[in-house]
Number of protein chains: 2
Amino acid sequence: MLQKKILAAPSIKRLPRYLHIIKQAQMDGAEYISATTIANELHLVSIQVRKDLGITGIIGKPRKGYPILPLIESIERFLNWDTEKKAIIVGAGNLATALTGYPEFFNHGLKFVAAFDTDTKKIGKNIHGVPVLSIKQLSEKVSELNATIAVLTVPSKVAQECANIITKSGIKAIWNFTNIKIKLPADVVSQFEDLTSGYAMLSVKMDSIHND
Amino acid sequence: MLQKKILAAPSIKRLPRYLHIIKQAQMDGAEYISATTIANELHLVSIQVRKDLGITGIIGKPRKGYPILPLIESIERFLNWDTEKKAIIVGAGNLATALTGYPEFFNHGLKFVAAFDTDTKKIGKNIHGVPVLSIKQLSEKVSELNATIAVLTVPSKVAQECANIITKSGIKAIWNFTNIKIKLPADVVSQFEDLTSGYAMLSVKMDSIHND
DNA sequence: TAGATTGTTAATCGATTAACAATC
DNA sequence: TAGATTGTTAATCGATTAACAATC
């Protein structure tokens, strides 16, 4: 199998933003887009965009830029956004409702197939068409539905406990929205999403303006 | 005024995680906490924690670590989490419901005072005790309520338009949850929160496991 | 005391940016 | 042609990590 090239984490995080700009250009009827155009839109420098897009292997044309169609395909392939991935969401609260209703995920292959909760008031209902089930059914349903990703949106107190249930079910990827760094077996990957870190950044930026 | 020291963005983003661990230790009755303890909990190396905590100016004790009480105070002061900040939320959808109901923000000085929307079905109601008002009232209410932060959770199509309304109201800090890089006057700070970048990271991590 | 831990200075590592020839 | 843009190699910058004396 062809070894996929390695890209630095900051570069990977920028790719979705590039993709968004490129798709907009496509909808505007463009066939090519230059690194300069993308960079200007995102307040970056063009050399950074050029370097990041190097991973795609798509050859740009001098004076025109990159051909949009293969560029989109290549970025989506790199991100594995070209294949459907079935996800469960553990904790059927407000954040789960926000995430299941966010169209960007669905558009990029992430399909929520079930939500799990302990609250009997929630079980049996559904959020954005996703059925809410008892957490006791998790393992059974994961096998049945072939889910490969678990999104964790439970209160932090039960985060580790839920993570254990998830890993027992055979799921190897956890998107963790709790503020707990959960302990996982070595073969399980996870992405820690910390909303308070963004708030910290904003607070510090606000303060620094006054101290210039 | 004493010039506040500058800390790199990655360090600032780690501070909330440290704070969380330190507060847990405090609740467990500890008076001191070492960089080693924090690092182990977060799967980091102790030198990194030590370096980051250097910004606080709190002097640690050899063999014991840092005194918890002043350490917490100092981190909170650095992040400006020790003062109340009034925020409005623009777009009263699912994400707004999740954010206004997230206790971590409230605990760190972020108080939502009003939500704004264009949907007449939402206007007049409230989300987690926060009144939903017409976006037409935004400017007036910002002055009246002394809000200093706007959290932007509207559909991307209207993101720039809403940002314009926000900046006209005099607000100088925008926490942007849309996937649009909005254009802002130079004196307005913003924090761009991109949920798809986390999804990109998770997808790539999942893929790399199989290609080892 | 021995040894765990701190704080600081230096070294390393990795990401960003610069330089520039090649191209259409 | 002139000039905007690419792709690649080299230089710079900044964050992380290492080293180590000081301390309790």
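Quick note: numbers below take in every heavy atom, side chains included, and nothing from hydrogens, waters or symmetry partners. Just so it is clear, the structure is predicted and the values come from calculations on it, not from any experiment. Chain letters run A, B, ... following the sequence lines, proteins first, then strands; residues in each count from 1.
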Counting side-chain heavy atoms from C-beta on, which of C:dT5, C:dT17, C:dG7 comes nearest to A:Lys51? C:dT17
Remember a base hit wins even if backbone is also touched, and classify A:Leu44 as base, sugar-phosphate or nothing at under 4.0 Å, heavy atoms. nothing
Picking from D:dA15, D:dT6, D:dT16, which would you name as closest to the side chain of A:Thr36? D:dT6
For the residue pair B:Phe105 and B:Tyr102, does the interplanar ring angle fall in the parallel (under 30°), tilted (30 to 60°) or perpendicular (over 60°) class? perpendicular
Taking CG from B:Asp52 and C1' from D:dG14, how many angstroms apart are they, rounded to a whole number? 14 Å
What is the distance from CD of A:Glu31 to P of D:dT5, rounded to the nearest Å? 17 Å
Closest approach of A:Ser203 to B:Trp81 (non-hydrogen atoms, all atoms of both residues): OG-NE1, 3.4 Å
Provide, to the nearest angstrom, the distance between the NZ atom belonging to B:Lys61 and the P atom belonging to C:dT6. 12 Å
Output the rounded distance in Å from CD1 (B:Ile47) to P (D:dT17). 9 Å
With respect to the side chain of A:Gln48, which nucleotide from C:dT16, C:dT5, C:dG7 is positioned closest? C:dT16
What's A:Ile58 touching, base or sugar-phosphate or nothing? Going by heavy atoms closer than 4.0 Å. sugar-phosphate
Counting only N and O atoms by type, is there a donor-acceptor contact under 3.5 Å from the side chain of B:Thr153 to the main-chain atoms of B:Gly91? yes
Test item: side-chain donor near acceptor, B:Gln160 and B:Asn164, under 3.5 Å: yes
Decide, yes or no, whether a salt bridge links B:Glu31 with B:Lys61 under the criterion of side-chain N to carboxylate O below 4.0 Å. no
Nearest to the side chain of A:Pro62, heavy atoms from C-beta on, is which of C:dC24, D:dT17, C:dT5? C:dC24
Picking from C:dG7, D:dT6, C:dA10, the nucleotide nearest the side-chain atoms of A:Arg50 would be D:dT6
For the pair made of OH in A:Tyr66 and C1' in C:dC24, what is the distance, rounded to whole Å? 15 Å
Take atom CD1 of B:Ile55 and atom P of D:dA15, then tell me their distance rounded to the nearest Å. 12 Å
On DNA chain C, nearest-nucleotide positions of A:Lys64 versus B:Gly65: which is more 5'? B:Gly65
Of all the nucleotides listed (D:dT16, C:dT16, D:dT17), which has the minimum atom distance to the side chain of A:Pro10? C:dT16
Any-strand Watson-Crick or G-U partner of D:dC20, both distances under 3.5 Å: C:dG7
Measure from CG on A:Leu53 to P on C:dA15 and round the result to the nearest Å. 17 Å
May I ask you to evaluate whether A:Tyr32 reaches the phosphate of D:dT6, defined as a side-chain N or O under 4.0 Å from OP1 or OP2? no
If you compare every side-chain N and O of B:Arg63 against the phosphate oxygens of C:dT1 (OP1, OP2), does one of them come in below 4.0 Å? no
Could you tell me how far apart B:Ile59 (CD1) and D:dC24 (C1') are, to the nearest whole angstrom? 14 Å
